[in-house]
Structure formats: C-alpha cells, structure tokens
Chemist: 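Handing you this structure, nothing more for now.
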Amino acid sequence: MNTLEQLNFDNTFARLPAPFHSRLKPTPLAKPYLVSFNANAARLIDLASDESSRQDFAECFAGNRLLQGSEPLSMLYAGHQFGHYVQQLGDGRAMLLGEIRNSVGEYWDLQLKGAGPTPYSRSGDGRAVLRSSIREYLCSEAMHGLGIPTTRALCIVGSDDEVYRESIETAAVVTRMAQSHVRFGSFEVFYHRGQKEHLATLADYVIARNFPHLVDVQEKYAEFLREVLVRTAQLMAKWQAVGFSHGVMNTDNMSILGLTFDYGPFGFMEAFDPGYICNHSDHGGRYAYDQQPQIGLWNLTALAQALTPLLPVAEAEKILDEYGDIYSEHYVELMSGKLGLTYAGLEDFALVEPLLEMMRVSELDYTNTFRKLAGFKSAPGELNSALRDQFINRAAFDEWAAAYRARLQAETVTDAERKARMDRVNPKYILRNYLAQTAISKAEKERDFSEVDRLLQLLGRPYDEQPEMESYAAPAPDWARSIEVSCSS
Ligand code: AMP
Ligand code: MG
C-alpha cells in the first residue's frame, strides 16, 4: 500500500491530442476538511487508508495541492440533453487528475468533481455543493454494494466557501473513480464536428485501454459497439430490477463502460409506481422509471450514429436490433432470481407482471415487498398472512400465490434454501432519499459526518440483515414524502 506521493500515475488520456481536453489547475477551496473517506475505494488504487489522517489529505483532494504525478485536465464532450443535441459540454466542474495503474495492472481514473471553473463551464461556477456530493458518494457505493456497475468514490472534502444555488450552500469536492470517464458524448462531439480522425483516435484509445481483447479483431468498431450495447442493456435491466431511477439519462451521462454514471437527481423507488419520476425538473417524464430501458436504446442509437464513420450503417443497425432481446433476457433472469427461481423462463414473466401490478395498486414498497417474499411458505394450505395482509386485494394475492406455489413445485429447493437465495438478490437496505437527507442535514447543520459514514458502511452490505440497523429499512416517514430532488447540484 502506498502513500499519496507513491501513487502510480500513468496518464494516458493526457497523451491524447489537444482537442480532447484542456489542461488546467483546480481552483483552491478555503480551509478544506475531510468529510468522508472510503477505504474500499482506496484499496483499488493501492492507497494506504491511514493516509486519510494526514494533515494535507483534504488539501490534496480539494485540489489545493497537486498530487505528484497528476496532470489535471478537463475532458471535452458533447451530448443529447433531454433529446436535444448540445454541441459542446465537457467537464464544466470536473477535473481528471490522472490515471493510477494499480498492482494488478488496472487503470483507475481519479477525478475531482467540483474543483472550480474550466473552459467548459459555460455559465456555471465549477463547483458542487456538499448536498449533491454526499448523494453521489453514497449512491455510487450503494450501487457497488448491490453489485451494479458504477463509478466509485474515494472521498469527499468540504469547505465553508459559499455556493449559490436555490439558496446559499457550501462547496465540496467528491473524488470519483472509474476505469474510464469516456461517455457516449465524447464520441458524439467529434462525429457532429465531422472530425473522423479524432473519432477513430478516441475509439482506438478506448478499445486499447478498456476493451483490449478487441484490438486485433477485424470488425473491432462493430464489436466495440456491440459490447457497449450489451453492457448498457444489462445495466438498464439491473436498474429496473432494483428499482433505481437515474433521473438525467442524457448521452453525456452515459458511460462507455456501462457504468451508472453522474449521480444527480437519482432515486430508489419506494412505493412501486412504474411512472415514477425522480427528477423534479423532468416535467415530461422523459426519464421516468419505466422509460429507462428504451432511453438506453435511444442513447445507444446516438452513439451508433456517432460511430457510423467507422463502421457500415447496416452493421450498426443490426447491432441496435439486438438490444431488446438482451435487455429482456437479463431482466427476466433478474426478476426470476428475485422470485427465488433457480432457472428463468420467459413464461415466468407471467408471475412477475401481476405481482408488480398488485404492488402498484397497494402502493407497496418495492424493496421491502421482495425482501418479505423470501419468507413465502410454499406448503399447501399456507395463507402467508403477513405478506397477504399487505395487499389491498386479498383475492388477487391468493390467486397469484397459488400460481407462485405451483411454479415453486417445479423447483427442488426447500423454502429455507430459497429464502437464502432470495436474500442474496433482494436487498434489505437501499439509499432511500430520506436516509441521504438525514445524513446531509447533519453534515450541513452540525458539521457531523458520522451519518455519512454510517450509511457508507450499511449500504456496502445491502443484502445482510444487520439487525441493529433495522430502522434503516423502513420506507420514508411522512416528513420525507415531500423531498424533491432536481438537477441543481
Ligand atoms: P450534469 O447535468 O451534471 O450532467 O451536467 C451537464 C453539464 O453541465 C456538464 O457539462 C457539466 O460539467 C456542466 N455543469 C453542471 N454543473 C456545473 C457547474 N456548477 N459549473 C460548471 N459546469 C457545470
Ligand atoms: Mg453530466
């Protein structure tokens, strides 16, 4: 394990041609302090966790002091925002410090988010507030705990410097980590500018860096598109299965690695509602929960178009046509798993849909209902009253339970074995908005960050019972029902 000085930087993105990025320096924050440190992420870059107690640790991750070997830059990209192409976006407040090559040869980008203005800031101030930094930090680690591909987060550093949003808040910097921060929009910008050379350079770079098995493949660009499509389709299925809404699925927020990327007004659904819109600013519901799978395809179509100078259009279209089946197959597999079935058949969907519909009508908590379902007793004559009483329409439940019981007969496992299996895929703990809000309020009002750390620990093991944390599994209390999250961050 290394000290900060020993981090093994090897900055490949900085070696790309000038139009790809802008070199710059972070703008210092006044008297930065450490809000939270994530030892699990530190291990990925071989950073010794006791380094976090160094006096200058906060200075380094506020961007006030440059880490030896880092070469800060902001990345260029464009993107479709709410369906409309925006010619130039780019990291308006994020800076890639560089890439760390760890002891097993993996590359990890270290990126400061909220480190001050960049040439791509447009009218923004280059800052991020403590509130949104805590949300990103906790949610990315919660997603990782759930086994869903995501960017990671190393630490949050705060400052009393003021930031103006709907009200005055304070600044923070979250250090984000990913094996690449390249987005769909990173390709779109060169396509729409007609810069085929840069497009090919970027594709070759990403393939060499993140898809090395494709380097010598003849149809490497088509295969690259196919792999991004598979990852994205599977990511969408994972989001749906866990009840996660991203909130701002613009193409500049779509990771080329199929990671959950750029946490803004995201939300985990509580009462099941397919039309759930987590982003208060998304009036049309473009990014509503039930729209996500098709938006995934829409975004991939924008990416495929951007890659057309590198591969035949017909080939791109053929690949896009594969999306529906890949998505459905993975979704059915995940939902069958949530029902505790050991093998997935498309016919099992006949069990999933009516269950979801009953949950919608009864406004049941999506996470907790699946968790409770693990206790379902399959013996004939069992009423499963505790579960049954949750549903408004008991007759509908009984009918569904009979079908479920019949389907379970085809399995060979005991109820106890099934419960153990279900508890490994139906989380007990998710990052409910009110839990995040409680941690944020304590941090903002009392400079008490203990709740951030508590949630980080809790959500790292979302499938474990953790009896002393039982209350954290409860749906939002009344005071929290009105929490609204918007793009403001
Ligand atoms: P987002 O909605 O966070 O994905 O951001 C969309 C675009 O706006 C990206 O180019 C961001 O870098 C930029 N942006 C967001 N907030 C700020 C800010 N406070 N200052 C500068 N740029 C920002
Ligand atoms: Mg973004």
Side-chain angles (χ1 to χ4, degrees), residues 20-22 24-27 29 62-63 72-97 109 111-137 139-140 150-151 153 158-159 161-178 180-189 192 245-257 259-267 277-283 286-287 295 299 302-303 485-489:
F20 286 63
H21 45 62
S22 294
L24 76 179
K25 287 221 162 43
T27 306
L29 280 174
L73 60 85
S74 287
M75 297 164 81
L76 169 76
Y77 53 82
H80 280 85
Q81 299 197 310
F82 287 88
H84 304 287
Y85 186 65
V86 181
Q87 285 184 22
Q88 193 194 295
L89 293 162
D91 291 329
R93 54 174 167 172
M95 290 171 207
L96 182 67
L97 289 180
D109 287 4
Q111 192 202 59
L112 303 183
K113 185 169 175 181
T118 81
Y120 313 114
S121 295
R122 298 175 293 159
S123 57
D125 59 7
R127 291 301 182 192
V129 298
L130 180 61
R131 162 179 57 87
S132 67
S133 304
I134 290 175
R135 282 173 52 86
E136 166 139 16
Y137 179 80
C139 196
S140 58
T150 176
T151 56
S159 159
D161 278 356
E162 291 182 342
V163 177
Y164 302 92
R165 297 292 182 262
E166 281 86 357
S167 59
I168 299 178
E169 301 187 46
T170 59
V173 174
V174 57
T175 299
R176 187 154 70 179
M177 292 173 43
S180 170
H181 279 79
V182 172
R183 308 139 188 267
F184 289 11
S186 312
F187 288 90
E188 289 177 279
V189 69
H192 289 276
S245 287
H246 180 282
V248 195
M249 287 179 66
N250 293 335
T251 55
D252 50 298
N253 292 337
M254 295 295 290
S255 152
I256 207 73
L257 299 183
L259 308 173
T260 312
F261 193 18
D262 230 358
Y263 292 84
F266 64 82
I277 303 168
C278 61
N279 178 359
H280 185 61
S281 325
D282 181 9
H283 305 296
R286 178 179 171 87
Y287 299 137
I295 290 289
N299 290 341
L303 174 67
V485 283
S486 69
C487 281
S488 153
S489 62

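If you're wondering where the values come from, they're calculated on a predicted model, not measured in any experiment. As the structure lists them, so they are numbered: ligands from 1, and atoms in each ligand from 1. Numbering of residues begins at 1 and proceeds along the displayed sequence.
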Chemist: Identify, by atom number and element, the atoms of ligand 1 in contact range of S121, meaning under 4.0 Å from any of its heavy atoms.
Modeler: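 Heavy-atom distances to S121 below 4.0 Å select 21 (C), 22 (N).
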Chemist: Within the distance-only criterion (no hydrogens, no angle test), does the side chain of Y85 pair as donor or acceptor with the backbone N or O of H80 below 3.5 angstrom?
Modeler: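 Looks like no, no N/O pair under 3.5 Å.
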Chemist: Kindly assign one of parallel, tilted or perpendicular to the pair H181 and F261, based on the angle between their ring planes and the thresholds 30° and 60°.
Modeler: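 H181 and F261: perpendicular rings.
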Chemist: Quick check: of its N, O or S atoms, which one does D262 have closest to the Mg ion (ligand 2)?
Modeler: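 Of all N, O or S atoms in D262, the Mg ion (ligand 2) lies closest to OD2.
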Chemist: Parallel, tilted or perpendicular: which describes the rings of F82 and Y287, with under 30° parallel and over 60° perpendicular?
Modeler: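 Tilted: the ring planes of F82 and Y287 meet at 30° to 60°.
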Chemist: Taking R127 for the side chain and G114 for the main chain, is one N or O donor matched with an acceptor at less than 3.5 Å?
Modeler: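 At least one qualifying donor-acceptor pair exists.
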Chemist: Give yes if a backbone or side-chain nitrogen or oxygen of D262 is under 3.5 Å from a nitrogen or oxygen of ligand 1, and no if not.
Modeler: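 It does: an N or O of D262 is found under 3.5 Å from an N or O of ligand 1.
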Chemist: With only distance considered, is R93 within less than 3.5 Å of ligand 1 through an N or O on each side?
Modeler: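 Among all N and O atoms of R93, at least one is under 3.5 Å from an N or O of ligand 1.
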Chemist: Under 3.5 Å, is there a donor-acceptor pair between the side chain of T118 and the main chain of D91?
Modeler: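 Yes.
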Chemist: For ligand 1 and R122, I'd like to know whether there is a polar contact (N/O to N/O, distance under 3.5 Å).
Modeler: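 R122 vs ligand 1: N/O contact under 3.5 Å present.
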Chemist: Only heavy atoms of N253, strictly under 4.0 Å: list the atoms of ligand 1 that pass.
Modeler: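 So the answer, numbered in order with elements, is 4 (O).
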Chemist: Please check if the side chain of T27 supplies one atom and the backbone of G116 the other of a donor-acceptor pair under 3.5 Å.
Modeler: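 No, because the side chain of T27 does not come within donor-acceptor range (under 3.5 Å) of the backbone of G116.
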Chemist: Got a protein heavy atom sitting under 4.0 Å from atom 19 (N) of ligand 1?
Modeler: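 Protein heavy atoms within 4.0 Å of atom 19 (N) of ligand 1 - there is at least one.
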Chemist: Which ligand 1 atoms are under 4.0 Å away from a heavy-atom of R127?
Modeler: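 Matching atoms, with element in brackets: 19 (N).
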Chemist: Provide the number and element of each atom of ligand 1 under 4.0 Å from a heavy atom of G126.
Modeler: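 Checking each atom against G126, I get 18 (C), 19 (N), 20 (N), 21 (C).
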Chemist: Would the distance check show the side chain of N250 and the main-chain N or O of D252 forming a donor-acceptor pair, the cut-off being under 3.5 Å?
Modeler: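 Looks like no, no N/O pair under 3.5 Å.
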Chemist: Could you tell me whether V248 and ligand 1 have an N or O pair separated by under 3.5 Å?
Modeler: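 There is no such contact.
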Chemist: Numbering the atoms of ligand 1 from 1, which are under 4.0 Å from a heavy atom of Q81?
Modeler: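 Counting from 1, the qualifying ligand atoms are 6 (C).
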Chemist: Kindly confirm whether the Mg ion (ligand 2) is within less than 2.8 Å of some N/O/S atom in N253?
Modeler: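 An N, O or S atom of N253 is closer than 2.8 Å to the Mg ion (ligand 2), so yes.
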Chemist: Is S74 reaching over with its side chain to a backbone N or O of A94, donor-acceptor style, under 3.5 angstrom?
Modeler: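 Yes; judged by distance alone, with no hydrogens or angles, the pair exists.
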Chemist: If hydrogens are left out, which of G90, G185, G92 has an atom nearest to atom 10 (O) of ligand 1, that is, the closest non-hydrogen atom?
Modeler: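 Considering heavy atoms of G90, G185, G92, the nearest to atom 10 (O) of ligand 1 sits in G90.
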Chemist: Check the pair D125, R165 against side-chain contact (heavy atoms from CB on, under 4.5 Å), reporting the backbone distance first and the verdict last.
Modeler: CA-CA 10 Å; D125 59 7; R165 297 292 182 262; 2.8 Å; yes
Chemist: Could you find the nearest protein heavy atom to atom 5 (O) of ligand 1 and give me its residue, atom name and distance?
Modeler: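 Scanning the protein heavy atoms, the shortest distance from atom 5 (O) of ligand 1 goes to D252 OD2, 4.8 Å.
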Chemist: Report yes or no: is the cationic atom of R135 (NZ for Lys, CZ for Arg) under 6.0 Å from the centre of the six-membered ring of Y263, at an angle within 45° of the ring normal?
Modeler: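 Geometry flag: not set, cation outside 6.0 Å or 45°.
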Chemist: Going by the atom numbers of ligand 1, which of them fall below 4.0 Å from some non-hydrogen atom of Y77?
Modeler: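 Those of ligand 1 that fall under 4.0 Å from Y77 are 9 (C), 10 (O), 12 (O).
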Chemist: Give the atom numbers and elements of ligand 1 that come within less than 4.0 Å of a heavy atom of R165.
Modeler: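 It comes down to these atoms of ligand 1: 19 (N).
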Chemist: Is the backbone of D262 close enough, under 3.5 Å, to the side chain of N253 for a donor and an acceptor to pair up by distance?
Modeler: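 No, N253 side chain to D262 backbone: no donor-acceptor pair under 3.5 Å.
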Chemist: Look only at interatomic distance and state if L89 has a nitrogen or oxygen under 3.5 Å from any nitrogen or oxygen of ligand 1.
Modeler: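 So ligand 1 has no N or O lying under 3.5 Å from an N or O of L89.
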Chemist: Tell me, please, if D252 has any N/O/S atom, main chain or side chain, under 2.8 Å from the Mg ion (ligand 2)?
Modeler: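 It does not: D252 brings no N, O or S atom closer than 2.8 Å to the Mg ion (ligand 2).
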